[in-house]
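Residue numbers run from 1 in the order of the sequence given. Please read these numbers as outputs of a predicted model, since none were measured by experiment.
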Amino acid sequence: MRELGLVMDIRELGVTEEMLDGIAAGTIAMDGGYRAPDHGEIVEILRASMA
């Protein structure tokens, strides 16, 4: 994937730890699955996406 020049994590898009709360606040969590994640869970998902 790197050879193709694809972004592998959100840090490569310029996302910083300080931005995660705002990104999570603007995230629309759909109710169509098992359950919708809450704000804290969305922040943790985003934090894991920075690795």
Side-chain angles (χ1 to χ4, degrees):
M1 297 297 236
R2 260 207 212 282
E3 289 178 25
L4 295 173
L6 299 176
V7 173
M8 300 301 290
D9 59 56
I10 64 175
R11 189 179 309 272
E12 293 179 37
L13 293 173
V15 174
T16 64
E17 186 79 23
E18 294 79 28
M19 300 167 119
L20 296 182
D21 193 53
I23 294 170
T27 299
I28 298 171
M30 305 297 284
D31 284 336
Y34 175 69
R35 67 175 182 81
D38 64 25
H39 180 82
E41 292 170 324
I42 294 170
V43 170
E44 288 305 310
I45 292 166
L46 291 168
R47 188 169 287 121
S49 298
M50 294 182 78

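- Closest heavy-atom contact between Ile23 and Thr27: O-OG1, 2.7 Å.
- Every residue meeting the side chain to side chain contact (heavy atoms under 4.5 Å, CB included) condition with Arg35, not counting sequence neighbours, appears here in chain and number order: Glu41.
- Under the 4.5 angstrom side-chain criterion for Ile, Leu, Val, Met, Phe, Trp and Tyr, the cluster partners of Met30 are Ile28.
- No continuous path of ILVMFWY side-chain contacts below 4.5 Å connects Ile45 to Leu20, so the two sit in separate hydrophobic clusters.
- Taking every heavy atom of both residues into account, Ala29 and Ile42 meet most closely at CB-CD1, 4.3 Å.
- Shown here are the salt bridge (charged side-chain N to carboxylate O under 4.0 Å, His left out) partners of Glu18, two or more places apart in sequence or in another chain: there are none.
- When the side chain to side chain contact (heavy atoms under 4.5 Å, CB included) test is applied to Glu12, the partners found at least two apart in sequence or on another chain are Arg2, Val7, Met8, Asp9.
- Annotation: salt bridge (charged side-chain N to carboxylate O under 4.0 Å, His left out) contacts of Arg47 (sequence neighbours excluded): Glu17, Glu44.
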